[in-house]
Amino acid sequence: RDSSISVTLPDLNISLNRIYPFKRKKAAGEEKWYEKISFQYTGRLTNSINTKDNLILKQGLDKWNNGMQHTIPVSATFTLFKYFNVVPSFNYTERWYTRKVVQSYDPTVQGSIRKDTINGFNRVYNYNTSLQVNTKLYGFFKPWKMFGDKVQMIRHVFTPSVSFSYAPDFGQSRYGYYDVYTYTDERGEVRTVEYSPYQGMAFGVPGKGMQKSFNFSIDNNVEMKIKSESDTTGVKKISLIDQLSANMSYNAAAETRPWSDLSMNLRLKLTKSYTFNMNASFATYAYQYDDRGNIIVGDRTEWSYGRFGRFQGYSGSFSYTFNNDTWKKWF
């Protein structure tokens, strides 16, 4: 209706399968630890513009929003003391832009911001690293004659996991991803405005703030094995609790309220086709009064008062799975 047109040309995606660069072509003996190191590569090149249809052929290259992004995840999986899985990883992302936009205050026009486009090659990167340790504990319970001789065994699988992730603060001035300009308002007060020269670019800009996070999670699975004449093996597995998990994190770089809220998930397989999912959240920090008597979230945890996390709410859903056997049974 207003002759607007949006064009993306080209939009190219490149991917490389997982590679083990240190793996021997002719392995002899046990696998070395460095042979487990692998990496992948994904890249994307895009070029787009939003304009009017009668202006698209008149726009110069500096009016197009273009860029290229490279993503390289490096990871490995090791076994420690036979029972612990150790998964270190390193993720690197780099963006290439052909320009940046520098902002400044224009004193000649009240409230006007000058935006100068500087063409040239700009390299914007960020990275993060993490280390995860997990294991599995198995518990078996034989109910004997409690349920007759039909129930063979009940198995409980408990999976605890601890991970640590780190990322530097890419909002620091040495990276150059953020800048500031100052101006004097109508009251004569000096104001400082922060912005990013790469804001609005094709692949954005790395976020601010250092990350030092510890993540704690537990996962539970309970299955029951019963006698079944319909199964060729003579036994049948029934899922009692497909998943019961809890997750919480601690940000060591945060000055206040480093603990996250507690999230829990329950998944039940009611039948082969029906699945029930429920998610719940519990707030970690308690309410308190501020100096004006308003209720705010304070810095003390609910645990310090001897209470469990404050219930935030839950969501539930049912799902039904269709397959070829479903259609054969129905029709």
Side-chain angles (χ1 to χ4, degrees), residues 1-14 42-72 90-129 165-213 251 253-257:
R1 288 182 293 185
D2 61 356
S3 301
S4 296
I5 186 171
S6 176
V7 176
T8 301
L9 183 71
D11 192 69
L12 177 65
N13 291 276
I14 307 169
T42 56
R44 184 184 174 191
L45 172 66
T46 186
N47 183 55
S48 61
I49 191 172
N50 294 315
T51 184
K52 303 294 183 180
D53 57 3
N54 61 334
L55 298 176
I56 187 170
L57 299 179
K58 301 178 182 178
Q59 302 285 8
L61 294 177
D62 59 329
K63 301 297 183 181
W64 290 74
N65 188 9
N66 48 51
M68 187 169 188
Q69 178 173 265
H70 312 272
T71 304
I72 304 175
F90 176 82
N91 299 287
Y92 180 82
T93 302
E94 183 166 310
R95 308 160 184 84
W96 291 351
Y97 296 133
T98 57
R99 69 178 184 275
K100 63 180 179 179
V101 179
V102 178
Q103 299 182 20
S104 60
Y105 181 74
D106 189 356
T108 60
V109 181
Q110 182 67 26
S112 177
I113 306 301
R114 179 186 300 164
K115 296 183 178 181
D116 297 319
T117 300
I118 301 177
N119 297 317
F121 177 75
N122 295 276
R123 174 173 164 265
V124 180
Y125 69 91
N126 67 289
Y127 60 87
N128 64 78
T129 183
S165 59
Y166 168 79
D169 182 8
F170 291 100
Q172 295 180 355
S173 58
R174 63 190 182 94
Y175 292 103
Y177 302 157
Y178 294 88
D179 204 347
V180 296
Y181 64 85
T182 59
Y183 70 96
T184 304
D185 62 12
E186 60 276 5
R187 297 181 180 179
E189 297 181 0
V190 178
R191 302 289 184 178
T192 300
V193 178
E194 186 180 54
Y195 74 98
S196 173
Y198 307 102
Q199 183 178 356
M201 297 296 178
F203 302 107
V205 62
K208 298 178 61 179
M210 179 183 293
Q211 179 184 355
K212 290 182 180 178
S213 297
N251 186 5
E255 296 182 359
T256 59
R257 297 195 290 271

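A heavy-atom distance below 4.5 Å is found between the side chains of Asp53 and Ser3. For the pair Thr42/Ile14, no side-chain contact is recorded, criterion being any heavy-atom separation below 4.5 Å from C-beta on. For the pair Ile118 and Arg99, the minimum side-chain heavy-atom distance is 4.5 Å or more. Residues Trp64 and Val7 have side chains in contact (heavy-atom distance under 4.5 Å, counting atoms from C-beta outward). In this structure the side chain of Arg44 never reaches within 4.5 angstrom of the side chain of Met68, judged on heavy atoms. In this structure, the side chains of Asn128 and Ser165 stay at 4.5 Å or more apart for every pair of heavy atoms. Side-chain contact between Thr51 and Ile5 is present, with heavy atoms from C-beta onward closer than 4.5 Å.
To the nearest 0.5 Å, atoms CE (Met210) and NZ (Lys212) are separated by 5.0 Å. Separation of atoms OG1 (Thr117) and NZ (Lys100) is listed at 11.5 Å; rounding is to 0.5 Å. In this structure, Ile49 CD1 and Ser6 OG are separated by 9.5 Å, a value rounded to the nearest 0.5 Å. Atom CH2 in Trp96 sits 9.5 Å away from atom CZ in Arg123 (nearest 0.5 Å). With values rounded to the nearest 0.5 angstrom, Gln211 atom CD is found 10.5 Å from Thr129 atom OG1.
In this structure, Arg95 contributes its side chain and Gln69 its backbone to no donor-acceptor pair below 3.5 Å. At least one donor-acceptor pair under 3.5 Å links the side chain of Asn122 to the backbone N or O of Gly120.
Using cut-offs of 30° and 60° for the angle between ring planes, the Tyr125 and Tyr177 rings count as perpendicular. Below 30°, between 30° and 60°, or above 60°: for Phe90 and Tyr92 the angle between ring planes is below 30°, a parallel geometry.
Of all heavy-atom pairs spanning Ala202 and Asn65, the tightest one is N-OD1, 3.4 Å.
Residue Lys115 qualifies as open at atom NZ: its count of foreign heavy atoms under 6.0 Å is 12 or below.
Side-chain atoms of Thr93 and Asn126 form no donor-acceptor pair, as typed in the model, at a separation below 3.5 Å. A side-chain donor from one of Thr98 and Asn66 sits under 3.5 Å from a side-chain acceptor of the other.
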Please evaluate residues Phe121 and Tyr97 with respect to the criterion side-chain contact (heavy atoms from CB on, under 4.5 Å), reporting the C-alpha separation (whole Å), side-chain torsions for both, the decisive distance (0.1 Å), and the verdict.
CA-CA 6 Å; Phe121 177 75; Tyr97 296 133; over 6 Å; no
List the steps, then state whether ring-ring contact (aromatic ring centres under 6.0 Å, His included) holds for Tyr181 with Tyr105.
CA-CA 7 Å; Tyr181 64 85; Tyr105 181 74; 7.3 Å; no
Between Arg191 and Thr184, is the side-chain contact (heavy atoms from CB on, under 4.5 Å) condition met? List the steps.
CA-CA 6 Å; Arg191 302 289 184 178; Thr184 304; over 6 Å; no
Asp11 vs Thr46, test: side-chain hydrogen bond (donor to acceptor under 3.5 Å, both in side chains). Steps then yes/no.
CA-CA 4 Å; Asp11 192 69; Thr46 186; 3.0 Å; yes
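Geometrically, Lys208 engages Tyr178 in a cation-pi contact, judged by NZ or CZ lying under 6.0 Å from the ring centre and within 45° of the ring axis.
Among Ile113, Val102, Val101, the one residue that satisfies the side chain to side chain contact (heavy atoms under 4.5 Å, CB included) test with Tyr195 is Val102.
For an aromatic pair to be called close, the ring centres must be under 6.0 Å apart, and Tyr166 with Tyr127 fails this.
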